[in-house]
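Since this is a predicted model, take the numbers as computed values, not measurements.
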Amino acid sequence: MKSVKRLWIAFSLVVGASFLVLGIYGYDIYQKAPPIPVQVITPDGKVLFTREEIKDGQNVWQSIGGQQLGSVWGHGAYQAPDWSADWLHRESIYMLDKMAAQTYHAPFYQLKTEQQALLKEQLQQDIRKNTYDPETGKITVSKLRAEAIAATSEHYQGLFMNEPSKESLRKAYSIPANTIKDSGRMHLMNAFFFWASWSCVTNRPGSQVSYTQNWPPDRIIGNTPASNLVLWTGFSVIILLFGIGVLVYQHARTKEDEVEPEHLPKKDPLLSIVTTPSMKATLKYFWVVSALIVLQVFLGIFTAHYGVEGNGFYGLSIANLVPYSISRTWHVQLAIFWIATSWLATGLYIAPAVSGYEPKFQRLGVNFLFIALLIIVGGSLLGQWLGVMQKLGLIDNFWFGHQGYEYVDLGRFWQIFLFVGLWLWLTLMYRALAPAIKSRSADRNLLIMFMIASTAIALFYGAGLMWGRHTNLAIAEYWRWWVVHLWVEGFFEVFATVVSAFLFVRMGLLKIKTASVSVLFSTIIFLAGGILGTFHHLYFSGTPTAVLALGATFSALEVVPLVLLGIEAYGNYQLSKSTLWLDAYKWPIYCFIAVAFWNFLGAGIFGFVINPPIALYYMQGLNTTPVHGHTALFGVYGMLGIGLMLFVLRGIYNKYAWKNGLLKFSFWSINIGLLLMVVISVLPVGILQTMASIEHGMWYARSAEFLQQPVMQNLRWMRAFGDLLFAAGTIGLAWFVVGLATGRSLDKTKLLKGTGVRKKTVEAILD
């Protein structure tokens with residue numbers, strides 16, 4: 001097993017070196033984040049904003065939904081504008097019009113080209129100059145810019161409060177009247193919006209690009225792509241091609257030692273596993289998973305409909321009860337909850353099955369964890385609603401309400417509660433697996449990797465506790481992507497790879513040595529790009545240039561292992577047909593095939609389309625991102641969660657064959673619906689937005705003027721075809737799971753093949 005030992009060494013080196021670099025440049029982000037000034041003042045000393053107001057303003061923004069209502073620095077929702085881009089453009093247009101009136105006595109848009117160019121140059125000299133004084137901690141803005149700040153602040157106050165003239169704009173943005181209920185809070189949020197936009201246009205000290213690498217694109221203010229974006233985009237493509245070449249060579253040199261069909265087990269080996277009380281106790285987890293899937297998909301349809309009807313749902317005015325920011329929050333949060341619950345429950349089921357050991361009080365622990373998860377789900381969703389409805393103070397909102405950061409929206413108390421729950425889950429896993437790990441059995445390498453992945457799942461969620469209520473947004477984003485990328489996209493992926501290998505080994509479809517080598521090699525390749533690939537989310541989040549270089553290079557490597565997923569999918573398809581008893585696992589295996597397909601298309605192709613720096617410069621915050629998000633999150637992690645659920649349910653309901661008609665309908669409806677949703681609606685909207693971003697700027701691509709055009713409205717309406725088919729599939733899946741409990745989904749005229757019971761015996765039992 002020298003090859004396995006070498007792979008363990010390589011795994012340790014890759015993980016150790018990657019986290020060392022991630023930590024070093026994380027420290028650099030801390031040191032070079034856009035400074036939050038003590039005061040923002042005019043040349044005559046008038047104070048516009050203070051540091052405390054900017055920090056509290058960030059909390060006000062978070063309390064109304066934060067990244068679930070528009071976006072800042074390109075991260076967040078897509079219905080309302082990117083507030084940093086929108087603020088900058090409004091501020092700049094005000095200044096240009098004022099200068100045009102003073103100099104040429106005409107509106108800016110009526111001036112000759114050379115006159116406009118002269119005023120743009122004057123504008124850029126004003127707003128791009130970094131006037132932050134490190135000694136006093138103050139930012140000085142010109143008198144004209146102070147006027148522009150006041151005018152923009154007034155616009156936002158009318159928008160977020162209740163000015164009647166802004167009603168049509170509120171509808172376009174899906175913002176209910178009085179989203180902010182008092183002018184004091186509104187002043188604070190304006191302070192934060194100013195600082196966020198100031199960071200986007202002000203050059204870093206000693207540099208000709210802004211703190212956000214000149215993002216958002218807007219030629220009026222001089223925000224054009226820097227040369228390093230093009231350089232590192234080219235380098236990322238070279239790295240991608242090189243990585244694919246190496247991986248194809250490695251795959252050709254070390255083809256898997258597959259089990260020959262004639263050597264496959266004659267009956268299902270999993271039927272011999274004794275289902276312990278704790279394993280049976282996981283059943284309730286999957287009932288909840290099925291319910292949450294349906295609820296999450298309904299909220300997705302609900303949220304998407306806000307895009308075409310503003311603040312209504314087929315004529316019903318419900319935005320004052322369930323505003324867009326809440327429906328989207330719940331839609332995203334429930335996706336994380338049900339996928340994670342499915343995977344955690346699978347781990348709790350598999351651990352005793354692998355070791356053959358049921359620890360004392362294991363069932364009690366499984367039941368206790370279930371209750372804790374229900375409290376976390378219900379409590380966090382209620383807290384988010386209370387926060388967005390402005391029923392909590394800023395401190396209470398941070399702890400129990402809405403933190404405003406996408407994917408980690410739940411309040412800090414609920415974060416800590418979930419973190420403790422994950423460590424309880426890890427303890428339950430280790431108690432059950434410990435005897436098998438200590439026995440030094442042939443599958444010990446898989447068991448160790450299983451425990452490493454499980455430990456990482458519990459550990460890395462803790463990154464969400466690393467920011468505080470007033471943490472600089474650039475630093476908070478660094479840690480948020482540790483959760484979203486490393487926790488969700490990273491170690492959950494490793495966990496899923498190991499669990500899948502375990503299932504195939506236990507079914508006799510894969511040799512232990514082959515599985516051990518495959519899992520270790522796949523993990524090394526994935527983490528080699530995945531850990532430092534975290535930086536590709538941070539190109540334009542107030543981070544230094546080195547982060548852009550590392551993110552571009554290593555995010556390209558993330559795509560490399562996905563090029564062979566077609567082979568994996570074909571292998572799984574062949575396995576599903578290799579022996580008669582495997583027909584009972586057809587639809588779980590088909591879910592794994594779907595995972596390979598969506599990994600290649602959603603995570604691979606759609607992911608790489610937006611990852612290179614020059615592409616993301618124009619696409620960040622547009623509908624090209626949810627193309628990748630939906631096909632990767634649901635297509636990969638969701639389908640895998642469904643596949644794992646069906647495998648476990650097959651083990652629990654292992655006496656009779658299943659009636660698979662409903663499963664067949666659900667599988668194809670979900671996958672075809674997801675594809676239609678993306679191809680005929682979300683992707684075309686994203687492409688048109690990208691063209692608008694390149695030609696006019698991010699502010700225009702996200703504006704009501706652009707998105708409310710008939711063609712854009714029609715494209716959003718067309719999403720209904722895919723959404724309804726997708727929803728029908730999820731309802732069918734939930735109905736099938738309920739049918740297993742009632743017996744409706746079981747074919748009681750057929751025992752599973754390999755049980756040793758003849759059909760006539762079954763008939764006698766039924767009689």
*Are any non-hydrogen side-chain atoms of Y94 and R90 less than 4.5 angstrom apart?*
no
*May I ask you to check whether over 12 heavy atoms, not counting those of F721, lie within 6.0 Å of atom CZ?*
no
*Should we say atom NZ of K181 is surrounded by more than 12 heavy atoms from elsewhere, each under 6.0 Å from it?*
yes
*Would you say Y211 and W198 make side-chain contact, with heavy atoms under 4.5 Å?*
yes
_Among Y407, W481, F460, W482, side-chain contact (heavy atoms from CB on, under 4.5 Å) partner for W487_ = F460
_Contact check, side chains of L295 and L334, non-hydrogen atoms, under 4.5 Å_ = yes
*S210 versus T212, side-chain donor and acceptor atoms under 3.5 Å*: yes
*Check the surroundings of atom CD1 in I395: do more than 12 heavy atoms from other residues, nucleotides or ligands lie under 6.0 Å from it?*
no
_Straight-line distance of F337 CZ to L418 CG, nearest 0.5 Å_ = 6.5 Å
*Would you find a donor on one side and an acceptor on the other, under 3.5 Å apart, between the side chain of S342 and the backbone of G641?*
yes
*Side-chain H-bond candidate by donor/acceptor type, N59 with R469, under 3.5 Å*: yes
*Given the rule in the ring pair (Phe, Tyr, Trp, His ring centres under 6.0 Å) test, do F192 and W83 qualify, once you have shown the distances and angles that lead to the verdict?*
CA-CA 10 Å; F192 170 68; W83 303 114; over 10 Å; no
_Close side-chain approach of S92 and W699, heavy atoms under 4.5 Å_ = no
*Mark yes when over 12 heavy atoms from residues, nucleotides or ligands other than K166 sit less than 6.0 Å from its NZ; otherwise mark no.*
yes
*Going by distance alone, is a donor N or O of one side chain under 3.5 Å from an acceptor N or O of the other, for R128 and N214?*
yes
*Indicate yes or no: at least one non-hydrogen side-chain atom of Q415 is less than 4.5 angstrom from one of Y461.*
yes
*Do we see a donor-acceptor contact under 3.5 Å between the side chains of Q384 and Q68?*
no
*If you measure only the distance, is there a donor-acceptor pair under 3.5 Å linking the side chains of H75 and D82?*
no
*Is the closest side-chain heavy-atom distance between H470 and Q58 below 4.5 Å?*
no
*Decide yes or no for V322 and F302: does some side-chain heavy atom of the first lie under 4.5 Å from some side-chain heavy atom of the second?*
yes
*Which of these, E406, Q79, Q67, sits in a side chain to side chain donor-acceptor pair (under 3.5 Å) with R328?*
E406
_Distance (rounded to the nearest 0.5 Å) between Y324 OH and T303 OG1_ = 6.5 Å
*Sub-3.5 Å donor-acceptor pair from the side chain of W195 to the main-chain atoms of P35, do we have one?*
yes
_For the CD atom on E154, are there more than 12 heavy atoms of other groups (residues, nucleotides or ligands in this structure) within a distance under 6.0 Å?_
no
*Is it true that K55 and E52 make a salt bridge, defined as a side-chain N closer than 4.0 Å to a carboxylate O?*
no
*asked:* Tell me if the aromatic rings of W338 and F634 count as close, with their centers under 6.0 Å from one another.
replied: yes
*When rounded to the nearest 0.5 angstrom, what distance separates NE2 in H536 from NE2 in H485?*
6.0 Å
